[in-house]
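Reviewing the structure listed below.
The shown structure was predicted, so the numbers you read here are calculated from the model rather than taken from an experiment. The figures that follow rest on heavy atoms only: side chains count, while hydrogens, waters and symmetry mates do not. Proteins come first, then strands; the chains are lettered A, B, ... in the order of their sequence lines, and each starts at number 1.
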Amino acid sequence: MRALPAPTSTVVTELAELLSGPPEQVAPLLLGGLLSHGGVTVRLTEVEAYAGPADPGSHAYRGRTDRNAVMFGPAGHLYVYFTYGMHFCANVVCGPEGEPSGCLLRAGEVVAGIDLARERRPRSGDRDLARGPARLTRALDLTREHDGADLTRGPVRLELGEPVDRVSTGPRVGLRGAPERPWRFWVTDDPTVSVYRPAKALPSGRRAGP
DNA sequence: ATTGAGATTTACT
DNA sequence: GTAAATCTCAATG
């Protein structure tokens, strides 16, 4: 890959400024945005906000660790973590520096490099190539190597797009302990939005409640 | 369409 | 040890 020309300062300033707001305000701005890496570009269709040290659903809730250190840094960088023993998930760090917030990138539509994305995910139909947080990182070839990447300088690039027409919100996916906040945001009626089941009930014998 | 098991790191009780 | 910001495969309605 060739070196890209330095981004113009207006673009960089604008992006950093937009991302330094609270994550639940940044999240809808990310919808329709373009994320590029490894020859593939994805148009973001679904994100989730995780807010600062006060959010029990956030990886930053219990303080800084080796894994989540990037969330404590400046906005506009990528936080990539490894989970369930096999998957990577990516967040855009947002909020003011020192306040660990981020937006989990849950799904997108591949708009460039679709052949590469198909090679990385041979069993997926095109709609499913980046439909889900771990699928999205696989399609874009993002790993812990890219943890901390500056989104204004590549190799991982983010460009905000036109605001999308309709945005829907709902509870976040996969959390069990956290109070529900309607901090999942997606492009209304977009077919590439993930449709994952909610978090499983407790282990056999017990039930989560009525 | 929906269900359940399995894969196996990181962080915490 | 257990649960987690998950996904794939196989079996089933």
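- Residue A:Glu109 forms a side chain to side chain donor-acceptor pair (under 3.5 Å) with just one option from A:Arg131, A:Arg43, A:Arg127, and that option is A:Arg43.
- The only member of A:Leu44, A:Leu15, A:Leu31 that meets side chain to side chain contact (heavy atoms under 4.5 Å, CB included) when paired with A:Leu160 is A:Leu15.
- The nucleotide whose nearest atom lies closest to any side-chain atom of A:Phe82 is, among B:dT9, B:dC12, C:dA5, B:dT9.
- Between A:Leu129 atom CG and C:dC7 atom P the separation is 13 Å, expressed in whole Å.
- Between the CZ atom of A:Arg138 and the P atom of B:dA7 there is a distance of 19 Å, given to the nearest Å.
- Residue contacts shown for A:Tyr84 include a base, since a base heavy atom lies under 4.0 Å away.
- Atom name P, nucleotides C:dT2 and B:dG6: the rounded distance is 15 Å, in whole Å.
- Between A:Arg118 and A:Asp126 there is a salt bridge, since at least one side-chain N of the basic residue sits less than 4.0 Å from a carboxylate O of the acidic one.
- Heavy atoms of A:Arg62 sit under 4.0 angstrom from primed sugar atoms or phosphate atoms, though from no base atom.
- The residue A:Arg121 sits close only to the backbone: its heavy atoms come under 4.0 Å of sugar-phosphate atoms, none of a base.
- Going from atom CD of A:Glu48 over to atom C1' of C:dT6 covers 12 Å, rounded to whole Å.
- Nearest nucleotide to the A:Arg67 side chain, out of B:dA11, C:dT8, B:dA7: B:dA11.
- What separates CZ of A:Arg123 from P of C:dC7 is a distance of 17 Å, to the nearest Å.
- The distance from atom CZ of A:Arg172 to atom C1' of C:dT6 is 17 Å, rounded to the nearest whole Å.
- Ring geometry, A:Phe82 versus A:Phe88: the interplanar angle falls from 30° to 60°, so the pair is classed tilted.
- A straight line from CE of A:Met71 to C1' of B:dT10 spans 15 Å, rounded to a whole angstrom.
- Among the atoms of the strands shown, base atoms are found under 4.0 Å from some heavy atom of A:Gly57.
- The side-chain tip of A:Arg172 points at the ring of A:Tyr50 from less than 6.0 angstrom away and within 45° of straight on.
- Both A:Gly63 and A:Thr83 lie close to DNA chain B; mapped to their nearest nucleotides by heavy-atom distance, the more 5′-ward contact belongs to A:Thr83.
- Across all strands shown, C:dA5 remains unpaired; no Watson-Crick or G-U wobble contact has both distances below 3.5 Å.
- Under the Watson-Crick or G-U wobble criterion, with both distances below 3.5 Å, B:dT8 is left unpaired in every strand shown.
- What separates NE2 of A:His59 from P of C:dA3 is a distance of 16 Å, to the nearest Å.
- Regarding A:Arg106, its CZ atom lies at a distance of 11 Å from the C1' atom of C:dC7, rounded to whole Å.
- In the set C:dA5, C:dT8, B:dT10, C:dT8 carries the atom at the smallest distance from any side-chain atom of A:Arg135.
- In this structure, of C:dA5, C:dT6, B:dT9, it is C:dT6 that holds the atom nearest to the side chain of A:His87.
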